[in-house]
Amino acid sequence: MAGTTLYEQIGGFDQVLALCRRWHGLCIADPLAGHPFEHGMHAQHDERLAAYLSEAWGGPALYSAGYGDESQVQRVHAGNGIHVELDEACLILFDKAVDETGMPTDGAAKAKAYFRRATEEMNRFEAQDAVVPEGLPFNYA
C-alpha cells in the first residue's frame, strides 16, 4: 500500500460517506453528542463532511471545489467556547463509526487520529468574538 493516500486505503468516497452517515446517526442518538445537531444543519451535512474528509485524506478536492475553504469551515465552528466533554463524546462516536463501517485497520487508525487532531484544532477559534482569518491552509491528514 506504499504510495497510496489514506483516502484510497479506506476505500474512497463511498466508504467516507458511509462513515459520515453512521457517525451522524450515532451523534444524534447520544444525549451529549447530539447537542450540536439539535439546532438545524445543512441538508447535505453528511455529503459535505464526506467531501471535506475525502479531500483531507488525499482524495479529490471535492470540498474546496464545491463548498468552500478551511476558513469557512473554521467559521462554521467558531465562537462556541471550549467543550471538552462534547468533543470527547463526538470523538468516541467517530471512532465507533469507523469501526462499524469496516475500514482497514491501518486506515482506520489514521482516520481516527486525523479526526481527533482536527477536532482539537477547532478550539483555536473558540472565543465568542473570534475572528477567523481568510486563506487558512486546508487541514490535510
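Every value quoted in this text rests on a predicted model; they were computed, and no experiment measured them.
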Nearest 0.5 angstrom please: [X] [atom1] to [Y] [atom2], how far?
X: M122; Y: H83; atom1: CE; atom2: NE2; answer: 10.0 Å
X: K96; Y: K112; atom1: NZ; atom2: NZ; answer: 12.0 Å
X: K110; Y: M103; atom1: NZ; atom2: CE; answer: 12.5 Å
X: Q72; Y: S64; atom1: CD; atom2: OG; answer: 11.0 Å
X: W57; Y: I10; atom1: CH2; atom2: CD1; answer: 4.5 Å
X: L17; Y: S54; atom1: CG; atom2: OG; answer: 8.5 Å

Exercise. Check the surroundings of atom CD in E38: do more than 12 heavy atoms from other residues, nucleotides or ligands lie under 6.0 Å from it?
Key: yes
Minimum heavy-atom separation for [X] and [Y], please, with both atom names.
X: S71; Y: V132; result: O-CG1, 3.6 Å
X: L86; Y: A33; result: CD1-CA, 3.8 Å
X: F94; Y: A111; result: CE2-O, 3.8 Å
X: L53; Y: C20; result: CD1-SG, 3.8 Å
X: N139; Y: E70; result: N-OE1, 3.3 Å
X: T101; Y: Q15; result: O-NE2, 2.9 Å

Identify whether [X] and [Y] are in the same connected component of the hydrophobic contact network (ILVMFWY, side-chain heavy atoms under 4.5 Å).
X: L32; Y: L93; answer: no
X: Y140; Y: F13; answer: yes
X: W23; Y: I28; answer: yes
X: Y67; Y: F138; answer: yes
X: L91; Y: V98; answer: yes

Quiz item: Among L136, V131, N80, which one satisfies side-chain contact (heavy atoms from CB on, under 4.5 Å) with F125?
Solution: L136
Quiz item: Do V73 and Y63 touch side chain to side chain, with heavy atoms closer than 4.5 Å?
Solution: yes
Exercise. Would you check if N123 and D87 make a side-chain contact, meaning some heavy-atom pair closer than 4.5 Å?
Key: yes
Quiz item: Is it true that a side-chain atom of E88 and a backbone atom of E85 form a donor plus acceptor pair closer than 3.5 Å?
Solution: no
Quiz item: Would you find a donor on one side and an acceptor on the other, under 3.5 Å apart, between the side chain of E100 and the backbone of R22?
Solution: no
